[in-house]
Structures are given as C-alpha cells and as structure tokens.
Amino acid sequence: MAKRTFDHAAVEKKWQKRWAELQVYKTAENRVRPKKYVLDMFPYPSGEGLHVGHPKGYIATDIYSRYSRMKGHEVLHPMGWDAFGLPAENYAIKNKIHPRAAVDKNIANFKHQLAHIGFDYDWTREINTTDPAFYKWTQWIFLKLFEHGLAFQSNEPINWCPSCLTGLANEDLDGAVCERCGTPVEKKRLPQWVLKITDYADRLLKDLDTLDWPEHIKEAQRNWIGRSEGAEIDFPISFTREGTGKLAQITVFTTRPDTLFGATYLVLAPEHPWLVEALSRGDVFENTKEVAAYVAQAAAKTEIERSAEEKEKTGVELRGIRAMNPATNEAIPVFTADYVLGSYGTGAIMAVPAHDERDFLFAKKFELPIRYVIDPVTGEPQDNPKHKEKIVAVVEDGEGNVLTIKWPQELGGRLLVGGTIEEGEDPLTTALREIAEETGYTDIEPIERAEETVHHSYFAFSKNQATVAHTTLVHCRLRSDARQKQQLEENEAGKFEVEWVSVARARKEIHDDQHQRALSRFTGSASYSGDGLLARSGSFSGKKNRAALQEIVAMVGGRMVTRYKIRDWVFSRQRYWGEPIPIIHCATCGAVPVPYEDLPVTLPDVERYEPTGTGESPLAAISDWVNTTCPKCKGPAKRETNTMPQWAGSSWYYLRYMDPHNDEQLVSASNEKYWGPVDVYVGGDHAVRHLIYARFWHKFLYDISVVTSEEPFARLEFLGFILAEDGRKMSKRLGNVINPDDVVAQFGADAFRLYEMFMGPFSNTTAWSTASIAGSARFVERVWNAQDLVVDAPVPALLTPLAQTVKKVSEDIEAFKFNTAVSQLMIFINAIEEAGAIDKSSWSAFVRVLAPFAPHLCDELWSCAGEAGSVHTAPWPEYDSAALVESRVTVGVQVNGKRRGEVTLANDASEEEALAAVYANDSLNKLLSGRTLTRTIYVPGRILNIVAPGP
RNA sequence: GCCGAGAUGGCGGAAUGGUAGACGCAUCGGGCUUAAAACCCGAAGAGGGGCUAAAAAUCCUCGUGUGAGUUCGAGUCUCACUCUCGGCACCA
C-alpha cells in the first residue's frame, strides 16, 4: 500500500486560517454551560523571542482548554503581554528606540511565533499592561489602596540597586543582590510609596491551605511570609549619667520568653530608633564616640558585607546604661551589634547565650555570663520510672580526641564514660571513679561541671527497669596516660573496648542523645535550643518550658505577639517605563490622589528615558507634565514622578481577560462572578513574587467587593523548564537556543506539541532532544496513514484498547499527566496497526481524543472522515466501562512471593480455576510437586501467590 | 542550619502494596535499496548455568540511591542514612 506523507505545513496553514474564519475559539458569553478559566502566566515580550521552553506551558493549557471545550465547558483561554519594566526599558536604551516601539515590535514577533504552534487563544481578549486602557485600572487599584490606607509614603531606608538606579522591593533581591543584574544592593533613604502587604500576611499564609498548588510553592510562600509567635517584653533602662522618660525602656521581641531568666544582656540593632535618639542627645553613653562610630560603620555596610562576615560577631557595649531583666531584677549590660536586624521584630533582642547559638558566640567573644535555665529532657518518656543520679564524662586528651567506650550494639554502641552517683558522692568524684573503673585511667583532671542537669528517660533492659537518669555532665582532661594495669586487663577481657576517637567521629558514632548532648556541651555548640525543664527560673523551676511560657510573659507584663518576616512592598521605581503613580503633591494639601475620572494618568513622551540615578525618575524633567494643579485646592502642584514596579500589572491582569473592553469597570460584577476564579493557572518560576503580590491584590479587591473569591488561582500547575540539549540553560550567549519556528518547520506543529508533552512529567526539568522529537513525528505519520485502515465492520480487538485510551487520556489531561496520555495514544496506534483495521466509530473517537494534542492533524483527519465542522467543537467521546477489561487476562504466579510463571485465565476466574490452571502448567506443576500449600493469595487479574514451603 | 521535592536500564521516563522497566529515544541484527537516508520486521536490565557447530527456547541468581523493618508479596509503607534539586537563612 502506498504510504501517504502528511504535509504538515499545508495542513497547518489550512486549519489555522479556517479556525480564524470560523471563530472556533471565540469565548462565548451565553453562560448556560459550566465555565473553565485556563490561564498561562503571560509572557514578558523580550527582544530575544521565544525558545522551545516557552511554549511548553502554553501547549499544556491549550490541550486542557481544548479538552474542556469538547467536554462541554465554556472556555476562557486568553493571552496577553506583561510589557512594563526594566528589561523592555533597558532593551530600548541599548537599541536607541522608544520602549513603546520596542515592546510593539517584540509583541509582534512573539505573536507571530505563537501563531505557528496552533493555539486556541481568543485573541479578541488580548491585553497589554502598557496600554493606557489597561493601566488605567492598575492606577485605579492603587488609588483604592491609597483610599484604604494600604498605600502610604515612607522615608525608611530601602534597597537601592546602584546599577539599575532604582529602589527595589525585598522580593526583588536574590539574597542581598539585585535579582536582575546581580549587583549588591545598598541601603538608601528615599521617599517611597509602600504597599502594606503585611496587613494581609496572616490571610496570605492561612489561605494557602485552601489552594490546590504544588507543595513546594506553598512552602516557599510560607517561608517568605515567615510567621513566628513570640512575645514583646519591656526592659527598664537605668542611667548613670542622664536618662529621660523617652528612653526609659527598651522593648524586645523574642520567640523564647521561656528563657527570660537566662537573659544576661540586651542587643539593639545599630539602626534602632532608641539608639538613634540616645546618640542624638550626646551624653547618654560614656562611650558615645565609639558607639556612634560602630553605628556609622554598620550603616555603611551593604547587606552582603553584613552577613558575609559569617559567624564572627561584632558589637559595642553602650556604657553608662543598664537594662533590668524583669524576671530576675538584675541589671544587665546593653550592646549594639549588627547581628540584630533593625527590620525584624522590635529591632532589639534579649540575649540568652545558653539557649541561642548566636547569642552564645557573642557572649563568648565579649565574655558575658552564660546562664543555663533549661535542663534538657532526652530519651523516650517511661511509665513508673526509677530515678537515678548519674554522671556522663567528656574526657579529652588535649589532641582533639575523646575517651569512648565501645559496647556491643544492644548496649548502646559507642558511648562516653558514664555511671551512677553513689550515696553522698560528689559528681566530680563519681566521674573520676568511673573513668578509673571503666577505662583504667587515673591521672585525670576535672575541668568543669555543667550547671544544668540532663533528664534522660530510658528502659534499662539489663535490669528490666524504666529509668530516669538525672545526669550531671562533667568535662575532664587527661593529664598523663597512666593506667591501672589490672583494671585495664579485666575490662578488655570483658565486653567492651576503650577507645580514643576524634570528636568528629564520636559525634557520628554516638547515637545516645544524652551522650550527644554531653559531647556538644563541652566540645561543640554549648547552647541548647531544645525543650526541657526550667531551672534557675524562680518559681517556674521544674516546670516544662513550653507550658510556663505564657505565665512568664504575663508575670513581667509582656505581650504575646505574632511577627512576620515579610516586608511591606516598596512600590516606587525611579524609572521611566512603568505605570505613573496617580498622585499629585500639593504644598498645602499634601499627597492628593488623582480623581478617578482623570484616570489614566498617561506616561508622557520624554526626550531621555535613561534613569537619572539621582533618586528621581526621568519623568521629573518633563515640567509641563509634572506641573499641574491640585485637585483639592486648585493651587499649583506637582505630579508624583515615580512609576510602579513591573509586578503591578501582573497582580491583577487575569481579571481583565474576563471583561477586557469594559470602559466603566475593571471587570463587571457578572463577568467576574461567572469566570472567576482562574480554574487552572500554569507557569514556572515566580514561586513567591508574582503569586504573592497577585494574591495580596486579589484579597484587597475581595475586601472592597470587586471580586467574589478570596483567592485568584484555585489550582496551580508548575511548569518544569526545558534545558538545552547540552543540559545547560538555553541562552543566546551560550548559542544553544532552539527556536520553535525551526522545529515546527522541520517536524510540524503537532509533532512539536506531542514531543513537549511526552518529554516527561510536566513539572520536570528536562533537556531538549532533537533525536527524540523524530519519534513524535513518526507517530504523526503513523496516525495519518492509519486512516487507510478504517473499515465499516466492527473490529472487536480494539474495543478494550479504545475504552482504556479514552479513559486514560481523559484522566491524564485533567491531572496534567500529559506524558502518559501521549504514551496511551501511542499504545492505541500500535493496537490499530496490529489489528490491521479500525472501525469508523472507534476511529472517530480516537481522532477526538488525539485532537487536543495534535489539533491540525486531527481536524484534517476529521474532515477526511467526512465529518462536518471542526473536531475541536465535537463532543468528547464516552467509553464503555464494561469494555475496560480484557476477557482473558495473564496472571503472574508467585511461589513463596517469587515470580515463577504465569497463567492465562478468564478475567473472572475463581481461585480454584486459577489453581487448576497452575497445575495444568508443566513447569509450575513440577515446581509445586511434593510441596504442601499452606496458603494462597489470589488477586483476580493480577497475581496468584502460592505459599508452599519447600519439599 | 531549617523546610520542601526527589533518586528506577545507555537516555527521557511508566507502574491503585500484586507479573518492575509501559511508551519513546539511542543501540544492535535483519529486510528494502546499486548505496545511503527514510521506512518495515525483530532483539535487548545485569550476571550465570545450560543446550549447541553456533544460537534460540528453557532454567537459576541478582536488580528501582544505602542499611534495617512491616507484609504471603515492597520501586510503592515505616525508621535511619547518603546524594541531587528547590525555597529560606544572623528573622531572635
């Protein structure tokens, strides 16, 4: 039979034209059908154009939306452009054209590239964030935020990128460098517009639980919001030189108020307002100069410098003042140190070196007292335990080794020296005695005895006794290696070995957590951040630390508070290419919002749109735009010249697609009610920034009744990137970019689509493989040729495969498991070829389930089969669930859990029939002869396991 | 350091606790061809025994990052560990 070759270029052209003519993908508004809003994260139209990684998500939403349409949904599947922001502006500056022209050109290019792939977008709903008709509503939202007190002016220091010459939000940083250009950011005091996203922190966190999103994205958002519960506690301040009411106390934030009795000093961030105030008075401190110098030095450092100095703590004591620990009434010193951040909590901490690693390091360096107020509790809690007083001794040899005893595994493996304190014995004496008895060493010098006691619960199997050991940790040093010979010989003949091992090895090989604690207490980090029983804590001593936490706060008049890491959204950019912030500054009225009826405030043309670097936007130079009249008093006034960040438009664009041409409203109530929220949102990256900003704005719009759902994106599917064939990121610089235009020209749009979906799980990052795409092209050819096998008569062999295919493809599309859907379609074409024929109705069903993946091919096949209209508006096929299972099935046979053969049975065969078939099988029969069947496990259609001990 | 996700042939990957490696790529053998490409048919986890002129069928052992455990049966469940990727990180 002559093979026909699928002329993909001609077919693509034909159907793309026809779809447009017939308006196959026009979103209808009749609303009798259930809706499905399927959305891609809209692209930033860069000058580089699309590479093959970009369309992956678009193909997925295209398949999903085509499937939904065939399933009878009204589908909204739009596309648009996120075109404000630095990349477009920088591109324009570099190429010496206006950003507007650059954006228009890039959009045209993107659209042209997308058109080749055959997407079902309704282009009548296209949006563009730089279109004044669009950004009118971005400005409208800003005014609403302003009206509700959520947009305010601030003069706090912000992150400033000295290369991009603009202020940045916290979300725009990658660690402590500008996310765009990698330049370390500086702190700069600039008048800024800030959005109060922190007011929504709690809801942004809580409502994550309601979302059908990938766990890692929810987790990233939780990390970013960073909720922590703690307390604010006031520490009164006393002065040796001068004090005033304003400086009478310092409030700290701590998540561990339970350790208050162990707070031995306070630390203020160098930028703490109390400190600024005190310094301004000049004579509060005895060492004003020194303090001022430290503060100045900290202010000059970039974030990187401040944290890159790793671990090594710096700081200065504020001499001349003392704080009073409100729990102990002790006067304690106050420091300023840059390990405390001004922007978190209250900018001041109480330092508890015994129970906080950072405070410990600082206390060691400045020789401050360390007071242990929590006795660690370790081991498994026991019923009715017997109490014992014990010691655990860390013996060092001065060369980095510790003395250990290697017991048999069942007695705990490697341990330190330990033992029971005898009646009236001093723990140090016990330690020396036990060391001598167990290891033979006698010339041991005790160094330190830990102030705290470890309470360790365990079950002593040797004595069959539940036990709690109240253990004193002892630190000793080997003076000389003199040993009692006799003792040594006795023990080494016994059941354990005495060994000196390095601290690192001991840490690895000692598994008992009490002994671990002893080891780290004297050789590692001595601070203990775990839970236990309060000690040296007045009347709270002996209580569980967590249980007493609130009482301690109450006793000292503190407040339980919740704090968040997330910062308010710095919303001003000193750049040209963004939405003008619709505010007018009037000398008499202050910041006055532009009246709603005057929106949009359009971006004027400028001579130079390069950033000025002065902290002013290029707009400031256009005097006839800047100078205006105050809407309130009609006096002379100036426009705000900062623009909005790139993320403004994308924070609400998904709403505009629902009603893109509405001049009166951002979105009509009825359209929003019908289409919202987005059912499936697809994209990669942006785990925090875009998604948290959009959720914030959406919640605000919900609060002012513009939208009716609390969350914008009900379900999110994360897109895994496509790497270049060499496994690296695709980039122009590396010269490994693959252009979809070329792939489509060579293999066809349908093969391209199938390949991208078949590459692997949708959220996986996978390298492109030009060799592999040939497989998808072969599949397209085979489907094209299979139409020659269509016959009138039924083909029974295909009944089951067809039912399985319709079922699996439907379920897989809904679950975004496109790779296995494509695999099932391949299995079916294999079945057609094996059967050598396919009946008309099965063919029709197959063409329809393949249509979302290969829309051009399938519309051509559809019309070749004599069907009217487009396959994409045909109903999705049903399947016969009775046909899902083959009538005869192959069942694996296991003997004692190991696969030994298989038998073919009717799908509803009984266990007896199955066993009979096993005995009818020669080799299985032989294997089982002489054995007694003790048990059989039969899972019909799956497995028959025969438990039969050997002969 | 804390949190999250993951680890399966040469490669991408499949597998409601039930025949591991579906489907595809690459590979090898054969066909078609003057030849090559394309296309078609077939083989294939690793190792071994075995049969043989040489193979095949058949048989055994091992095999889903490592080690234990639960189970008639574990890629899948539990515990411990290693590594990879991602998020946060001096956040008190």
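Below, chain A is the first sequence line, B the second, and so on; all start at residue 1. Nothing here was measured: the structure is a model prediction, and the numbers come from that model.
- A donor-acceptor contact closer than 3.5 angstrom is absent between the side chains of A:Y458 and A:T378.
- Considering only side-chain atoms of A:E215, the nucleotide from B:A15, B:A5, B:G24 that sits closest is B:A5.
- Side-chain N/O atoms of A:R900 include one lying less than 4.0 angstrom from OP1 or OP2 on B:C60.
- A:Q221 contributes atom CD, which lies 9.5 Å from atom CG of A:L205 (distance to the nearest 0.5 angstrom).
- Annotation: B:A44 and B:G9 have their C1' atoms spaced 10 Å apart (nearest Å).
- On a pure distance criterion of 3.5 Å, a polar donor-acceptor pair joins the side chain of A:N945 and the base of B:C72.
- Proximity note for A:I937 (side chain, C-beta onward) versus B:U19, B:C72, B:G4: the nearest is B:C72.
- Going from atom CZ of A:F828 over to atom P of B:A22 covers 21 Å, rounded to whole Å.
- Aromatic ring pairs are classed by plane angle as parallel below 30°, tilted from 30° to 60° and perpendicular above 60°; the pair A:W768 and A:F752 is tilted.
- Using a 4.0 Å heavy-atom cutoff across all strands shown, A:P214 reaches no nucleic acid atom at all.
- The gap from the C1' atom of B:C23 to that of B:C85 amounts to 26 Å, rounded to the nearest Å.
- Below 30°, between 30° and 60°, or above 60°: for A:Y339 and A:F362 the angle between ring planes is between 30° and 60°, a tilted geometry.
- Base pairing annotation: B:G50 forms no Watson-Crick or G-U wobble pair, as no partner gives both donor-acceptor distances under 3.5 Å.
- The gap from the P atom of B:G67 to that of B:U82 amounts to 15 Å, rounded to the nearest Å.
- Contact between the side-chain N/O atoms of A:N764 and the OP1/OP2 oxygens of B:G6 is not found at any separation under 4.0 Å.
- Under 4.0 angstrom from either OP1 or OP2 of B:G24 there lies no side-chain N or O belonging to A:R778.
- B:C25 and B:G63 have their P atoms separated by 31 Å, with the value rounded to a whole Å.
- Both distances falling under 3.5 Å, in either a Watson-Crick or a G-U wobble arrangement, place B:G1 opposite B:C88.
- Annotation: B:U8 and B:G21 have their C1' atoms spaced 8 Å apart (nearest Å).
- Against the 90° criterion about 0, the sugar-base torsion of B:G63 places it in the anti range.
- When the C1' atom is compared between B:G49 and B:C59, the two are found 8 Å apart, to the nearest whole Å.
- Nucleic acid contact for A:V822: none, since no nucleic acid atom lies under 4.0 Å from a heavy atom of the residue.
- In this structure, the nucleotide among B:A22, B:A92, B:G13 sitting nearest to the side chain of A:T766 is B:G13.
- Pairing for B:G18 goes to B:C72, judged as Watson-Crick or G-U wobble with the two contacts each under 3.5 Å.
- Under the 3.5 Å distance criterion, the side-chain polar atoms of A:N545 are left unmatched by any main-chain donor or acceptor of A:D531.
- Listed candidates were B:U16, B:A15, B:C90. Nearest to the side chain of A:D338 is B:C90.
- Between A:F846 and A:F828, the two ring planes are tilted [angle within 30° to 60°].
- Annotation: B:C11 and B:U66 have their P atoms spaced 15 Å apart (nearest Å).
- Here, B:A57 and B:A43 have their P atoms 10 Å apart, quoted to the whole Å.
- A:R256 comes within 4.0 angstrom of sugar-phosphate atoms only, judged by non-hydrogen atoms across all strands, and of no base.
- Among B:C23, B:U61, B:G18, the nucleotide with an atom closest to any side-chain atom of A:V939 is B:G18.
- With hydrogens and angles left out, the side chain of A:K313 and the base of B:C90 share a donor-acceptor pair within 3.5 Å.
- Within 4.0 Å (heavy atoms only), A:G775 reaches sugar-phosphate atoms of the nucleic acid but no base atom.
- Taking the six-membered ring where tryptophan is involved, the planes of A:H8 and A:F6 are tilted, since the angle between them lies from 30° to 60°.
- Under 4.0 angstrom from either OP1 or OP2 of B:A92 there lies at least one side-chain N or O belonging to A:Y344.
- If you check B:G18, B:A92, B:A26 against the side chain of A:S228, the one that comes closest is B:A92.
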